[in-house]
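A short worksheet on the structure shown next.
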Protein chains: 2
Amino acid sequence: MSNLSTTSDEIIRCARSLIIAGGYNGFSYADISEVVGIRKASIHHHFPSKADLVRILVARYREEAQAGIAELERYHPDPVDQLRAYTGYWAECIGDATSTFCVCALLASEIPVLPQEIVLEVRAHFRALSAWLASVLERGAARGTLVLTGTARAEAETFMATVHGAMLSARAYGDPAIFGVITQPLMARLGAVHT
Amino acid sequence: MSNLSTTSDEIIRCARSLIIAGGYNGFSYADISEVVGIRKASIHHHFPSKADLVRILVARYREEAQAGIAELERYHPDPVDQLRAYTGYWAECIGDATSTFCVCALLASEIPVLPQEIVLEVRAHFRALSAWLASVLERGAARGTLVLTGTARAEAETFMATVHGAMLSARAYGDPAIFGVITQPLMARLGAVHT
DNA sequence: TCGTATCTACCTTCTAGTAGGGAGTTTGTC
DNA sequence: GACAAACTCCCTACTAGAAGGTAGATACGA
């Protein structure tokens with residue numbers, strides 16, 4: 001851990017962007033070896049199997065997501081701002097092609113053919129994200145800055161689903177702007193007040 | 001065309017369910033050959049390349065979707081009923097495992113690694129579906145049975161995205177019921193009146 | 001000298017795709 | 001109606017390359 005970026009970090013980072021592009025079956029150890037500049041066998045030294053690599057990759061992704069949410073809550077005490085910051089984060093990622101999709105959302109679509117250990121990690125991400133969104137919506141409703149039509153839980157699931165669908169549409173249309181077109185009415189309908 | 005179901009039909013039907021399970025890179029000609037009961041080479045006779053097969057498969061899926069929408073409009077003159085019939089159709093598909101995902105939605109997630117000809121078909125489906133939804137929302141707004149917050153186009157994109165995201169969540173949680181949990185507030189918030 | 005990281009070399013299985021042939025059916029022509 | 005050419009559909013047999021993964025040697029720092 002002397003280096004700022006170890007080889008295994010590089011492998012994970014590379015694999016992540018390959019998964020974002022084409023899912024679990026859309027990349028190979030050979031692809032990673034080309035990008036990172038080491039041999040296939042060396043990747044197996046760090047991650048014995050492909051399932052290991054992706055499971056660890058998703059676990060780390062979840063940690064980062066948790067950390068991101070914690071930071072977001074620190075900078076934005078208001079629930080409405082928190083929702084806006086969350087959608088804004090993704091709008092930026094998709095806009096500048098940093099990451100045009102959530103790793104877990106992408107893997108979720110392939111669940112029937114995914115190793116079980118990865119499925120569990122992906123599912124855990126969905127649960128954590130929707131739980132956080134539900135708590136934000138609840139606080140917003142309590143403050144009167146957000147208007148809920150159904151239960152906070154149902155609204156949170158709808159919110160999360162819409163954001164995921166917006167990523168999909170941006171990709172389908174080949175137009176990052178569509179993400180904003182979709183999330184804007186989403187915020188507006190929750191009665192989110194501007195500034 | 002004497003048979004009700006030709007071999008190429010069977011190949012397409014089989015490939016469709018394999019795609020729904022694991023996407024473009026999640027199945028092979030060998031998989032199809034096992035299920036359909038013919039040799040790999042025979043599949044190449046009907047569909048020279050995998051890209052051909054999937055492109056034709058998606059084109060047919062789009063035709064069926066168009067036909068389904070036309071029928072749905074015939075049986076349900078009211079815009080609110082049309083939306084409900086649309087989400088209801090998918091709720092049933094996901095519930096009884098007929099088809100737990102829209103072929104185009106699944107392929108859309110893999111667009112960066114998909115052959116261009118398939119991307120165009122998938123994109124066309126998204127355009128057609130959102131255009132239809134926009135027209136339904138517009139009619140509903142004109143009648144006063146639906147309340148739009150933004151433009152019909154933006155609301156239609158949001159609606160479509162939410163439905164796609166609901167499919168994803170149902171798969172992620174491994175729980176078909178979540179589809180209804182998500183689409184219910186979606187309808188409610190559009191001010192869709194019951195019965 | 002132990003452990004970590006990397007390498008070369010290799011294995012097995014799967015991948016999409018091709019070559020060429022056989023059986024049955026259609027079609028055109030006399 | 002007879003006959004041959006052409007077409008359809010499926011087959012066996014094969015290819016080259018990519019897949020995930022292993023074995024064993026080497027380099028090097030603590």
Side-chain angles (χ1 to χ4, degrees), chain A residues 1-58 60 106-107 110 112-119 121, chain B residues 1-19 21-58 60 107 110 112-119 121:
Chain A
M1 285 280 178
S2 59
N3 255 349
L4 280 173
S5 168
T6 67
T7 302
S8 71
D9 282 342
E10 273 187 76
I11 292 168
I12 284 188
R13 204 174 326 132
C14 172
R16 183 191 286 196
S17 71
L18 287 170
I19 285 178
I20 288 168
Y24 186 80
N25 288 308
F27 78 100
S28 72
Y29 271 34
D31 295 329
I32 298 174
S33 99
E34 258 180 57
V35 177
V36 175
I38 61 172
R39 299 286 145 157
K40 276 195 316 164
S42 308
I43 304 173
H44 280 286
H45 167 72
H46 292 281
F47 307 97
S49 78
K50 194 181 181 183
D52 288 327
L53 166 58
V54 176
R55 177 178 45 80
I56 292 167
L57 177 160
V58 175
R60 182 168 304 187
L106 212 147
L107 289 174
E110 300 178 293
V113 295
L114 245 40
Q116 195 56 27
E117 64 247 62
I118 298 171
V119 173
E121 288 289 342
Chain B
M1 288 282 178
S2 60
N3 255 349
L4 281 173
S5 168
T6 67
T7 301
S8 70
D9 283 342
E10 273 187 75
I11 292 168
I12 284 187
R13 204 172 330 132
C14 172
R16 183 191 288 196
S17 70
L18 287 170
I19 286 179
Y24 186 80
N25 288 309
F27 78 100
S28 71
Y29 270 34
D31 296 328
I32 298 174
S33 99
E34 256 180 58
V35 177
V36 175
I38 61 174
R39 298 286 144 158
K40 279 193 317 165
S42 307
I43 304 172
H44 280 287
H45 166 74
H46 293 279
F47 306 97
S49 79
K50 196 180 180 182
D52 288 327
L53 166 58
V54 176
R55 177 178 44 79
I56 292 167
L57 179 159
V58 174
R60 183 168 303 186
L107 288 173
E110 300 179 293
V113 296
L114 246 39
Q116 195 55 27
E117 64 248 63
I118 298 171
V119 172
E121 288 288 343

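Scope of the values below: all heavy atoms of this structure, side chains included, with no hydrogens, waters or symmetry mates.
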Starting at [atom1] of [X] and ending at [atom2] of [N], how long is that distance when rounded to a whole Å?
X	N	atom1	atom2	value
Glu34(A)	dA18(D)	CD	C1'	12 Å
Lys50(A)	dA18(D)	NZ	C1'	12 Å
Phe47(B)	dC10(D)	CZ	C1'	15 Å
Tyr29(A)	dC14(C)	OH	P	19 Å
Asp52(A)	dG21(D)	CG	C1'	12 Å
Asn25(B)	dG20(D)	CG	P	11 Å
His44(B)	dG20(C)	NE2	P	17 Å
Ile43(A)	dT22(D)	CD1	P	14 Å

Check nucleotides 11-13 of chain D for protein N or O atoms closer than 3.5 Å to its own N or O atoms and list the pairs.
| residue | atom | partner | partner atom | Å |
| --- | --- | --- | --- | --- |
| dC11(D) | OP2 | Arg39(B) | N | 2.7 |
| dC11(D) | OP2 | Ser42(B) | OG | 2.6 |
| dT12(D) | OP2 | Arg39(B) | NE | 3.3 |

Does [X] make a side-chain N or O approach to OP1 or OP2 of [N] shorter than 4.0 Å?
X	N	result
His46(B)	dC10(D)	yes
Thr7(B)	dC10(D)	yes
Ser28(A)	dA18(D)	no

* Enter the distance from Leu57(B):CG to Leu18(B):CG here, rounded to the nearest 0.5 Å. =>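 Between Leu57(B) CG and Leu18(B) CG, I get 10.0 Å after rounding to 0.5 Å.
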- Message: Quick check for you: among dT15(C), dA19(D), dT22(D), whose closest atom lies nearest to any side-chain atom of Ala30(B)?
- Response: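 Closest nucleotide to the Ala30(B) side chain: dT15(C).
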Who are the side-chain hydrogen bond (donor to acceptor under 3.5 Å, both in side chains) partners of [X], not counting sequence neighbours?
X	value
Ser8(B)	Thr6(B)
Asp31(B)	Ser28(B)
Glu121(B)	Arg62(B)
Arg39(A)	none

key: Closest contact, heavy atoms only, Ile32(A) versus Cys14(A)   =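 So the two residues come closest at CA-SG, 3.9 Å.
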Check your understanding: With sugar-phosphate meaning primed atoms plus P, OP1 and OP2, does Phe27(A) contact a base, only sugar-phosphate, or nothing at under 4.0 Å between heavy atoms?
Key ->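 Result for Phe27(A) = sugar-phosphate.
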field: Sequence neighbours excluded, every pair satisfying ring pair (Phe, Tyr, Trp, His ring centres under 6.0 Å) that has a member inside residues 24-44 of chain A
entry: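 Passing the test, one end in residues 24-44 of chain A: Tyr29(A)-His44(A).
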